[in-house]
Structure formats: structure tokens, C-alpha cells
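Working notes for the structure below.
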Amino acid sequence: MKIFKLKEDLSNHLNILRSQNSSIGFVPTMGALHDGHLSLIKASNQQCDKTVCSIFVNPTQFNNTADLEKYPRTIEHDIVILENSGCDILFIPEVDEIYPNNEQPVHYELGFLETILEGEFRPGHFQGVCRVVDILLNIINPSFLFLGQKDYQQCMVLKKMITLRNHHTSIVTIPTMREADGLAMSSRNMRLNTDQRIKASKIYVALQKMNQSGSLPLLIAKKQALTLLSDAGFLVDYLEVANANTLEILTEWEKTPMVILVAAYLGDIRLIDNLILPGI
Ligand code: PAF
């Protein structure tokens with residue numbers, strides 16, 4: 001695996017690969033890699049000739065400095081597991097390489113998507129995500145961008161950013177990888193203590209419970225799931241059912257595909273998850 005720290009070196013190398021007709025798949029990450037990330041690398045390896053992974057803890061997408069400081073960083077371990085994953089190229093830029101001279105950020109017109117769920121509870125977060133992915137796509141110019149379904153709203157936001165910025169990249173969304181007890185794999189799980197780790201699986205239990213409550217009115221099903229989460233010690237930011245295509249928040253079950261989305265704190269660790277439901 002080749003490792004690049006400078007965008008120019010990476011871009012020159014990728015131009016050579018492209019001139020040899022290699023298709024490029026890109027897996028952006030913030031490191032602290034787990035099997036969820038590896039499933040994205042695997043999908044890219046299967047679909048593309050060359051896979052580029054980036055590790056960059058993006059400061060502009062953290063709306064809370066403490067969260068940025070506590071974000072797990074395990075770069076040596078990440079490099080070892082990437083070497084074994086068949087990843088071809090790793091990009092590990094410093095902050096100045098991505099954001100030179102405090103350049104004025106672009107504003108992305110994300111509209112409704114930025115006003116709900118993660119957008120509502122993490123103001124500015126999606127602007128930061130779009131900013132870094134826009135910059136990375138300009139450097140890498142991949143044919144395919146591999147993203148995890150765990151960040152459902154992020155996938156929709158980045159799809160919109162790609163259209164707004166005319167990138168020639170298609171998004172491939174890969175299903176969420178889960179631990180044996182259903183907890184969605186996430187870099188943040190590393191920060192859970194033993195007690196929190198046991199409680200964390202209740203997020204998936206709550207999602208499943210809602211999934212099986214189609215015969216109850218949606219608002220009752222939601223209340224039951226919220227009680228389950230608060231009894232387990234969660235502080236819930238949101239638990240909503242939305243139209244899976246538009247993310248419009250629903251108050252009644254729909255016939256079209258829906259998605260249940262949740263974000264909740266255990267201590268100071270914020271976990272998110274979602275479950276897609278076929279329409280009833
Ligand atoms: O999902 C993530 O890990 C990040 O939001 C991403 C897409 C790597 C951008 O920093």
C-alpha cells in the first residue's frame with residue numbers, strides 16, 4: 001500500500017493510474033478503523049481497480065471541541081489493518097494540507113436536509129462534512145465513493161453536494177455492520193466503558209421494537225422505544241421515522257419505504273443508528 005501525505009503527490013499518482021485506465025474507488029474515513037470500514041474497502045476492491053482510503057479527523061465537522069479532542073486516533077493500527085485489507089493507497093493529510101491559509105469555506109445549499117435530525121442537533125456539521133469531502137473528491141476524482149448506511153443522512157447530504165458541485169462520482173452505500181448484539185459498528189464505540197457497552201445494544205433493540213410495532217400507531221411505538229432507551233440510561237437527541245427517500249419526518253406509518261433514525265448519548269458518547277423499513 002502506498003501512503004501519501006501531500007495532495008499533489010496523491011493526485012499525480014492517481015493521474016498515472018487513470019491514464020492506465022484504472023477505475024478508482026474512494027473510502028473516506030476519520031480513522032479508528034473497524035470492520036464497518038473494512039466492508040467499504042472490500043466493496044471498493046470488488047468494484048474498482050484501485051482503492052484509495054483517507055484518514056483525516058476533520059475539524060470542521062465537529063461542532064463541539066471536546067468531541068474533536070476525544071475522537072479516537074489509532075493510526076498505526078489503522079495502517080496495519082489497511083495493509084491487510086487490500087487497500088492500494090492511503091491518504092493521511094495534515095489539517096493545513098486540506099485547509100491551507102484558512103481559505104473562505106464554500107456554503108453548500110443543502111436546504112431541508114440540513115434542518116432536521118443531525119442537521120438540527122449538530123449545527124454546521126454537514127457544512128463541514130461537505131467541505132472536506134468536496135476537497136477530497138477534487139484531489140482524488142474517484143468514479144465511486146463508498147459510504148456506510150449508518151450515516152444515512154450523511155449519504156443523502158453528500159449525494160446532494162456531489163450534484164451541487166458537479167463531481168463525476170457515484171455514491172455506493174454499504175449496509176451497516178453490526179456487533180453480535182446488534183450494536184452498529186462505530187469508531188466511537190471504542191470510548192464506551194464496559195457498562196455503557198452492554199447498554200449500547202439497546203439502540204438496536206429499540207429500532208427492532210419499532211420495526212415490529214407496525215400494528216400500533218407510530219407515535220405510540222415511538223413512545224415505547226423512547227422509554228426503552230431512557231430506562232437504559234440514554235439521553236435521546238432524536239428518534240424519528242422518516243420517508244426513506246426524502247427524510248420527511250412522519251407521524252403515521254406510510255406505504256412507501258421508511259427509515260427509523262436515532263441519535264442518543266450514553267454519558268458523553270453520542271451514538272447514531274438507523275433501520276430501513278419496507279412500507280406497510
Ligand atoms: O463518516 C465519516 O467518517 C466522515 O463524516 C467523513 C465522510 C470521512 C468525512 O470526514
Side-chain angles (χ1 to χ4, degrees), residues 4 7 10 25-41 43-44 51-65 67-75 77-78 81-82 85 87 89-99 105-106 108 110 113-114 117-119 121-140 142 144-162 164-165 167 169-177 184-191 261 263 269-274:
F4 293 92
K7 53 192 175 199
L10 171 62
F26 176 41
V27 180
T29 82
M30 298 206 298
L33 301 182
H34 49 70
D35 285 352
H37 295 114
L38 295 185
S39 71
L40 306 184
I41 302 274
S44 174
T51 295
V52 182
C53 174
S54 64
I55 296 181
F56 179 67
V57 183
N58 174 34
T60 65
Q61 73 186 73
F62 286 82
N63 49 332
N64 172 336
T65 329
D67 193 26
L68 170 62
E69 277 158 17
K70 286 183 192 150
Y71 200 84
R73 288 162 169 87
T74 57
I75 189 69
H77 180 251
D78 291 348
I81 61 173
L82 281 176
S85 73
C87 176
I89 296 163
L90 171 62
F91 184 42
I92 38 174
E94 295 293 334
V95 173
D96 292 352
E97 186 66 7
I98 296 294
Y99 300 121
V106 172
Y108 302 89
L110 300 172
L113 270 186
E114 202 181 11
L117 307 165
E118 290 301 284
F121 284 90
R122 302 186 68 190
H125 168 67
F126 284 133
Q127 290 296 320
V129 171
C130 285
R131 191 174 169 197
V132 74
V133 177
D134 191 10
I135 291 168
L136 290 167
L137 292 184
N138 279 331
I139 300 167
I140 297 164
F144 297 98
L145 173 66
F146 293 84
L147 299 171
Q149 189 206 306
K150 186 176 81 66
D151 298 292
Y152 192 90
Q153 192 176 3
Q154 171 171 275
C155 295
M156 291 181 72
V157 161
L158 288 176
K159 199 169 180 193
K160 181 146 194 183
M161 183 279 286
I162 283 176
L164 289 171
R165 303 287 286 167
H167 288 292
T169 299
S170 305
I171 290 184
V172 183
T173 306
I174 304 296
T176 304
M177 293 279 287
M185 290 187 187
S186 163
S187 305
R188 290 175 199 271
N189 295 352
M190 276 180 200
R191 296 190 52 231
L261 304 113
I269 304 159
R270 190 171 183 277
L271 301 173
I272 63 170
D273 200 353
N274 64 76

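Position 1 is the first residue of the sequence; numbering continues from there. Ligands are counted one by one from 1 in listed order, and the atoms in each one are counted from 1 as well.
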- among protein heavy atoms, the one nearest atom 5 (O) of ligand 1 is Gln154 OE1, 2.7 Å

- Note on the structure: Nearest heavy-atom approach of Thr169 to Ile162 is O-CG2, 3.5 Å

- Query: Between Thr29 and ligand 1, which part of the residue brings a heavy atom under 4.0 Å of the ligand: side chain, backbone, both or neither?
  - Reply: backbone

- Item | Contacts of His125 that satisfy ring-ring contact (aromatic ring centres under 6.0 Å, His included) - sequence neighbours left out | none

- Item | Nearest neighbour in protein (non-hydrogen) for atom 3 (O) of ligand 1 | Met30 CG, 3.8 Å

- Message: With heavy-atom distances below 4.0 Å as the criterion, list the atoms of ligand 1 near Val132.
- Response: 9 (C), 10 (O)

- What's the shortest heavy-atom distance between Arg122 and Asn63, and which atoms? CA-ND2, 3.0 Å

- Task: Could you pull out all residues at least two apart from Tyr71 that satisfy ring-ring contact (aromatic ring centres under 6.0 Å, His included)?
- Result: Phe62

- What about Gln61: any of its N or O atoms under 3.5 Å from an N or O on ligand 1? yes

- Message: Tell me whether Lys159 at atom NZ has more than 12 heavy atoms from other residues, nucleotides or ligands lying less than 6.0 Å away.
- Response: no

- ligand 1 to Pro28, heavy atom cutoff 4.0 Å, flagged ligand atoms 8 (C)

